[in-house]
2 protein chains.
Amino acid sequence: MDKRAISIRDVAQAAGVSTATVSRALNAPGRVSEETRRAVLEAVKATGYSVNPAGRNLRQRRTGSVVALVPNIANPFFSAILAGISSVLRPAGLNLLIADTLAGENREGPVRDYLDRTRSDGVILFDGNVSPTALEPRAGVETPPLVMACEWLEGRPLPHVGIDNAAGARVVTEHLLNLGHRDVAHVMGPPENVLTQTRAEGYRTALAEAGLPCRDDWILPGDFSLASGARAAEMWLALPDRPRAVFCSNDEMACGFISALAAKGVSVPRDVSVAGFDDIELAQHVHPPLTTLHQPRRALGIDAAKLLLDLIAAPELYGATHRIEPVELVRRGSTAAPGDG
Amino acid sequence: MDKRAISIRDVAQAAGVSTATVSRALNAPGRVSEETRRAVLEAVKATGYSVNPAGRNLRQRRTGSVVALVPNIANPFFSAILAGISSVLRPAGLNLLIADTLAGENREGPVRDYLDRTRSDGVILFDGNVSPTALEPRAGVETPPLVMACEWLEGRPLPHVGIDNAAGARVVTEHLLNLGHRDVAHVMGPPENVLTQTRAEGYRTALAEAGLPCRDDWILPGDFSLASGARAAEMWLALPDRPRAVFCSNDEMACGFISALAAKGVSVPRDVSVAGFDDIELAQHVHPPLTTLHQPRRALGIDAAKLLLDLIAAPELYGATHRIEPVELVRRGSTAAPGDG
DNA sequence: GCACATGATGTAATCGTTTACAAGACGCGA
DNA sequence: TCGCGTCTTGTAAACGATTACATCATGTGC
């Protein structure tokens with residue numbers, strides 16, 4: 001048994017042809033004769049050869065992998081999306097790399113690292129808060145195609161996959177209004193986040209359409225975390241005239257909100273209706289189960305990966321392509337008409 | 001501006017040295033004179049050079065990446081573990097690849113694909129149900145170091161990181177016994193799974209130690225899914241003498257169990273105490289919050305990655321190393337003394 | 001019978017690094 | 001002064017694939 005792994009040379013020798021022919025037989029079967037193709041395939045089987053990606057990548061100036069940059073790997077919101085991405089990438093022969101933008105001190109680091117043709121063939125970026133300079137072209141560094149997913153960068157036309165957040169927020173708010181509520185509060189995400197802003201906009205639009213004023217003191221701060229939802233519940237409790245419906249900008253805050261209320265003996269939805277956004281797994285398991293807006297996470301991942309593959313194949317073809325996945329309101333137990341219980 | 005990205009040659013030229021010297025200046029600074037080292041670093045900065053991993057990998061016969069093989073990427077149980085892995089890998093200059101063993105038809109595919117030195121520098125395998133043949137050495141293929149995490153392969157001495165599942169299950173069962181329960185049922189995971197078997201063993205040990213018989217009709221089948229937990233609840237309801245305590249082999253089933261009971265008007269923990277295993281995020285948010293055994297998931301990921309790095313550095317040094325993380329019982333609302341409520 | 005297109009294959013360059021080996025300079029002890 | 005180890009550097013050979021180009025045989029149209 002040899003020490004070195006078998007290479008294309010061994011196959012060539014076994015088949016009695018040159019390495020060029022072996023390569024052609026495997027990658028462009030139409031360009032060799034039927035006879036040699038068979039001989040090569042047989043030699044491949046006999047030797048147990050499989051191509052060495054490092055060699056191929058070097059020659060072809062590719063990396064064979066696509067990187068998904070998420071704000072935080074530990075956030076389970078992304079797992080279904082990553083599964084979708086993986087399901088597209090694997091058949092295409094590409095590896096899925098993951099990294100988080102929060103790793104280390106500066107948010108830019110990982111983005112800069114991977115936004116480089118020698119490091120990845122393409123990037124799917126889930127973080128809309130990277131500094132704009134991180135995406136600037138740098139001298140001597142070719143940048144691979146980039147797809148924004150879920151979040152996006154304001155004022156920068158980049159390919160994007162996501163949902164219509166404003167419309168979604170509007171649907172949720174209208175659901176509360178349709179139940180008969182006239183006083184609807186809103187718990188916001190982190191202020192600088194595009195999702196926060198867009199969802200708040202949808203909320204305001206729905207109120208305006210219904211001819212209702214938008215009261216500033218009914219807009220409560222948050223940061224998308226469970227804890228901030230609980231804090232918002234405290235603020236809500238302290239309001240002189242508590243609105244009987246609350247739309248939280250994401251599910252985690254809605255869950256935190258509900259559980260903090262439960263601890264204070266306030267009943268949902270009898271005393272207050274609470275709705276969320278995202279339809280994370282937790283949403284259907286809290287008590288009461290959460291009314292929320294469903295994001296098709298696996299489909300989003302699949303879309304993002306497909307779009308990226310298209311861009312890799314033909315970088316110039318696409319301007320700022322957008323793919324918007326449809327969303328759906330999921331009515332569960334956490335919302336009800338003001339009188340009900 | 002040149003078309004081709006800048007390579008080590010450009011740096012060599014700018015610094016007036018050979019490429020070998022540039023390489024040494026960057027990778028083994030002690031082996032060049034202080035003077036040339038400075039010149040090289042300056043040239044690097046001036047040109048904006050960064051090493052091309054494909055070239056390096058080819059020469060060094062490495063891939064620069066480690067792959068985590070999970071049964072199912074979409075399962076959020078793994079996200080915190082992956083975050084832990086990533087936090088160790090990144091500083092070490094390694095990429096984290098993820099793939100699932102369920103992708104495609106055969107469970108072996110991805111394992112075979114990545115268990116190859118030309119494909120990955122190391123593998124962390126979370127699936128204990130891969131066919132043993134998938135790990136067999138193959139002619140012409142060098143296998144990279146492999147670390148089993150969470151699950152393991154019976155009768156095969158492989159490096160492993162995880163917890164003591166038998167002891168954990170025993171602690172949970174003892175908790176129920178200490179509350180005063182004498183009748184404790186058990187909901188099992190998929191029969192062929194090592195975790196299922198080991199946790200069941202811990203359950204039986206605890207019963208035996210307490211001098212209690214282990215009744216076969218109180219051992220209910222399941223498959224680790226929420227739905228199977230709900231089905232187990234139906235079976236429990238149908239039992240002639242319902243045991244007043246149930247230990248579910250994982251949290252998902254415990255949650256399914258509880259919510260199915262709630263639908264039937266059975267109250268937890270008043271009518272029956274329910275405990276789980278894992279302490280997934282959901283556990284603290286169901287109603288009532290679940291008593292369970294906490295697995296330090298991030299720490300497990302960190303451990304697995306560190307062990308793998310050690311193995312990569314010195315493959316021969318380690319036999320079947322095991323690293324066992326301590327676990328902890330988390331008492332929440334789902335368990336109580338038989339009389340309470 | 002000739003010019004030329006077509007198809008199949010081999011030769012060798014190339015991708016960008018690292019590193020074995022060699023070589024020159026220098027200092028030091030005998 | 002000579003021999004030898006140590007430092008520093010350069011030359012060139014890998015690593016393993018793909019592919020531009022050349023070559024040669026064969027077939028086709030006139």
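On a predicted model such as this, the values are computed, not experimentally measured, just so you know. Just so it is clear: chains get the letters A, B, ... in the order the sequence lines come, proteins before strands, and each one is counted from 1.
Residues passing the side chain to side chain donor-acceptor pair (under 3.5 Å) test with A:R56, sequence neighbours excluded: A:N27. Residues satisfying the salt bridge (Lys or Arg N to Asp or Glu O under 4.0 Å) test with B:R59, not counting sequence neighbours, are none. Residues meeting the side chain to side chain contact (heavy atoms under 4.5 Å, CB included) test with A:S33, sequence neighbours left out: A:E35, A:T36.
Summarising the geometry, the separation between CD on B:E142 and C1' on D:dG16 is reported as 15 Å, rounded to the nearest angstrom. Per the geometry, CZ belonging to B:R117 stands 13 Å off P belonging to D:dG16, to the nearest Å. Between the CD1 atom of B:I6 and the C1' atom of C:dC15 there is a distance of 16 Å, given to the nearest Å. Atom CZ of A:R9 and atom C1' of D:dA17 are 9 Å apart (whole Å). What separates CG of B:D116 from P of D:dG16 is a distance of 12 Å, to the nearest Å. Atom CG of A:L58 and atom C1' of C:dT17 are 8 Å apart (whole Å). A:L26 places its CG atom 13 Å from the P atom of D:dT19, with the value rounded to the nearest Å. Rounded to a whole Å, the CZ atom of A:R56 is 13 Å from the C1' atom of D:dT19.
Residues A:S65 and A:N95 have side chains that never bring a donor and an acceptor to within less than 3.5 angstrom of each other. A donor atom on one side chain and an acceptor atom on the other are not found under 3.5 Å apart for A:T47 and A:D10. With 3.5 Å as the limit, one finds no donor-acceptor pair spanning the side chains of A:N57 and A:T63.
Less than 4.0 Å separates DNA chain C from at least one heavy atom of each of the following residues of residues 32-51 of chain A: A:V32, A:S33, A:T36.
Taking the charged nitrogens against the carboxylate oxygens, A:R323 and A:D310 do have a contact shorter than 4.0 Å, which makes a salt bridge.
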Got a list of side-chain donor-acceptor pairs under 3.5 Å for residues 13-22 of chain B, not counting sequence neighbours?
residue, atom, partner, partner atom, Å
B:S18, OG, B:A20, N, 3.4
B:S18, OG, B:T21, N, 3.3
B:S18, OG, B:T21, OG1, 3.3

Completion exercise
Nucleotide by nucleotide, nucleotides 20-25 of chain C touches protein heavy atoms under 4.0 Å in the pattern (B base, S sugar-phosphate only, - none) ------

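Comparing D:dA17, D:dG10, C:dG10 against the side chain of A:I8 picks out D:dA17 as the nearest. Distances were taken from every side-chain heavy atom of B:R61 (C-beta onward) to each of D:dC15, C:dG10, C:dT17; the shortest belongs to D:dC15. Considering only side-chain atoms of B:N27, the nucleotide from C:dG16, D:dG16, C:dT18 that sits closest is C:dT18.
Nearest-nucleotide assignment on DNA chain D puts the 5′-proximal partner with B:Q60, out of B:Q60 and A:V22.
The side chain to side chain contact (heavy atoms under 4.5 Å, CB included) test with A:L146 singles out one residue from A:V111, A:L69, A:L125, and that residue is A:L125.
The side chain of A:S7 contributes an N or O atom lying less than 4.0 Å from OP1 or OP2 of D:dA17. Residue B:T21 has a polar side-chain atom (N or O) positioned under 4.0 Å from OP1 or OP2 of D:dG10.
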